[in-house]
2 protein chains.
Amino acid sequence: MHPGTASRALNPNARGEVSRQTVRRVERAAHLLGYLPNTVARGLRTSRSLVVALVVPDITNPLFPYIVRGAEQVLVEAGYTLVLTDTNNDPGRERSQVAAMRAGGVDGFIVATARWQDPVLDELAAAAVPTVLVNRRNQSCSFPYFGTDDRHGIDLCVDHLKQLGHRSILHLAGPADTSTGRERASAFRQAMRARRLPTARAVVNCSSFTEQAGAAAVNTVLAQGFSFTAIVAGNDLLAIGALEALTARGIECPRDVSITGYNDVDFMRRLTPAFTTVRVPLNKMGALAARTLLGWLGGTEPELGAKVLLPVEFMHRGTTARAAR
Amino acid sequence: MHPGTASRALNPNARGEVSRQTVRRVERAAHLLGYLPNTVARGLRTSRSLVVALVVPDITNPLFPYIVRGAEQVLVEAGYTLVLTDTNNDPGRERSQVAAMRAGGVDGFIVATARWQDPVLDELAAAAVPTVLVNRRNQSCSFPYFGTDDRHGIDLCVDHLKQLGHRSILHLAGPADTSTGRERASAFRQAMRARRLPTARAVVNCSSFTEQAGAAAVNTVLAQGFSFTAIVAGNDLLAIGALEALTARGIECPRDVSITGYNDVDFMRRLTPAFTTVRVPLNKMGALAARTLLGWLGGTEPELGAKVLLPVEFMHRGTTARAAR
DNA sequence: ACGCTTCCCACAATCGATTGTGGGCTTGAT
DNA sequence: ATCAAGCCCACAATCGATTGTGGGAAGCGT
């Protein structure tokens, strides 16, 4: 029995070039021996691995598991394997992880770690590696991007707060090296100006999308004596951090200060008070990104710089109330 | 220039067999061409990939990201790459994912999906694939296991509740096909008996470690007319589900019923009331498992069936109070 | 100048599966 | 019985890196 023949017998596409009884013999033997075709060797020859890598910045941020789920669903159905790598918000790790995956022969990338200036993405673009961006994008927009309508979401927040009578509104902006940080901040300024609300000193940058950063930002602002009656946070974790910092100083939410979050991760509705926030379709984002990548791997190259912004939904809950006085 | 020579020049171990200037020439050329050694081809020859797979049952369960983090830290430091695969609690997916990873040439597995009877683990054992178990183990105990002292943790819960005057205590047991489900249930019975508390009808099985399952279990028990003043939940998500089901019926926690969770995932302390639960060192579990696997891959085979149970810490918060009446 | 050692490098086999090609056997027709 | 056609299968090259081995060149001593 020649290995070439066995290979054809196991491969549904080449099944026709082998007699039916040989196919049966091979299948029986394969099953008996517990044979599973060595993907490494196959990948070496065919330069396809049926593996897609999903790169996330922080797996403990509850935002990402749902994106993962969405992507996973689609990829597994298509016979692909999803491998996940967490960069822990470290660009160095991102670089080395992506390099490792690339050398390991993954067919494509779904990247959720994009920074505004991202050399790793530039490399992927230069090497023409099939890649799609999810949740965050980079400036040069070299790949299809799947995100949410941040501009609209933030506008909904500001509008809501204004209708409650708030005028001094603070924005906790995410890191300036992320598109979500930048765009939400920009959207905030625009929304404020459009309603003739003051924007001076109203935006404060946070170093990361974490509770610690949110709390630190609020403490800084309070220490500087800037007063506000509402906070539009760049995401949910920042909002939670802000609430903690306020509570620690005896400032009550929503009595004294209203807060809005962003993303509506699973437990936001369970906190007390339940958070007013913006719900984004995380599952769908992941699924769409995966589907597009699969299409690309199947031969239909997407238009470069395509941006898909999914609709958001404003969730009015307990952290926002009519402005005092 | 012969590829063999270039290979030696790039490989620190074989560097001595090549003249220094050749090394420099090769390094320069490699850098110039942006060469990165094809891991697939290397893996084919050396049958080592420096990749470890971590298999989790449900990435949206906040328990797992912290285990991932712990393992990641250790593996990356050692020059390994961690790939994560989520089985979505589906044994079929587990089987195919593990097979895919194995064919893909990963060096070893960290498995967090173990079921009590787990054919996938049996296969791994039969094939002598370096594997360690974390969080859950299987019955046959064919691999080193890193978990927590469930027996002690549950005992702490029961003890705490008894001291608060509770006698009718309900246990929401996790799935019987998981070691954590079984052992916590067994520990619960033992702890109750040791204190001469009634165990009849006091244990109810939940189909999965989810809020939905927890709520459903409580609803079932209530419908059956069994009355209780406290609940020891098999994990945090079950506890949250239980709280929801009770609240929906106007039963207040902790006024009417006390609840304890298990694991102390990050947001338990933020809920209102903050959950009384058992904190387990998730990071350390992941790190230890990874370290042991690395040792195995380095040649020091661990004793089969070694069990490492990490100490737990009881966190008394707001969901437990003195029994009414 | 010759022979010896030492040091580099090139050659080629190897890992396991895929795939284009050619030869051999069977089958059927004349 | 002979030849043509057709179907299977075996052969061998290939993917890219690793690694044992042998040979050639340089250096040194006598």
Side-chain angles (χ1 to χ4, degrees), chain A residues 1-51 79-81 96 99-108 127-130 297, chain B residues 1-51 79-81 96 99-108 127-130 297:
Chain A
M1 169 59 55
H2 196 276
T5 306
S7 170
R8 286 180 233 265
L10 267 352
N11 185 338
N13 300 328
R15 193 71 58 82
E17 309 166 28
V18 177
S19 76
R20 204 166 309 165
Q21 46 174 324
T22 310
V23 169
R24 256 197 289 275
R25 262 199 326 146
V26 170
E27 275 176 346
R28 209 149 358 142
H31 184 266
L32 200 72
L33 297 171
Y35 169 83
L36 33 97
N38 183 325
T39 311
V40 180
R42 170 183 294 162
L44 179 59
R45 177 64 216 250
T46 62
S47 63
R48 297 192 355 145
S49 60
L50 295 181
V51 174
Y80 276 74
T81 301
S96 65
M101 294 290 106
R102 205 137 81 80
V106 305
D107 292 338
V129 179
L297 295 178
Chain B
M1 170 60 56
H2 195 275
T5 307
S7 170
R8 286 180 234 262
L10 267 352
N11 185 337
N13 300 329
R15 193 69 59 80
E17 309 168 29
V18 177
S19 77
R20 207 166 306 163
Q21 47 174 324
T22 311
V23 169
R24 257 196 289 274
R25 265 200 321 150
V26 171
E27 275 175 346
R28 208 148 0 142
H31 185 266
L32 199 72
L33 297 171
Y35 169 84
L36 33 96
N38 184 325
T39 311
V40 180
R42 169 183 296 162
L44 179 58
R45 179 62 216 253
T46 63
S47 63
R48 298 192 353 146
S49 60
L50 295 182
V51 174
Y80 276 73
T81 301
S96 65
M101 295 289 106
R102 203 136 83 80
V106 305
D107 291 338
V129 180
L297 295 177

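Side chains included, hydrogens not; waters and symmetry mates left out as well; all remaining heavy atoms used. Letters A, B, ... mirror the listed sequences (proteins, then strands); counts begin at 1.
Phosphate contact (OP1/OP2 of C:dG16, side-chain N/O of A:Tyr35, threshold under 4.0 Å): absent. The shortest distance between the side-chain N/O atoms of B:Thr5 and the OP1/OP2 oxygens of C:dA10 is below 4.0 Å.
One atom, CG of B:Leu10, and another, P of D:dG16, lie 16 Å apart when rounded to the nearest Å. Between the CD atom of A:Glu17 and the C1' atom of D:dC7 there is a distance of 11 Å, given to the nearest Å. Spacing between atom CG of B:Leu36 and atom C1' of D:dG16 amounts to 13 Å, rounded to whole angstrom units. Between A:Arg25 atom CZ and D:dC9 atom C1' there is a gap of 11 Å when expressed in whole angstrom units. The nearest whole Å value for the distance from the CZ atom in B:Arg20 to the P atom in C:dC8 is 9 Å.
For residues 32-48 of chain B, the set of pairs meeting the salt bridge (Lys or Arg N to Asp or Glu O under 4.0 Å) definition, not counting sequence neighbours, is empty.
Counting atom types as modelled, A:Arg45 pairs a side-chain N or O with a base atom of D:dT14 as donor and acceptor under 3.5 Å.
Panel note: side chain B:Thr81, backbone A:Ala100; no donor-acceptor pair is recorded below 3.5 Å.
Projected onto DNA chain C by closest heavy-atom contact, A:Ser7 and B:Gly16 fall at different nucleotides, the more 5' of which corresponds to B:Gly16. When each of A:Thr39 and B:Val23 is assigned the nucleotide of DNA chain C with its nearest heavy atom, B:Val23 is the one assigned upstream, toward the 5' end.
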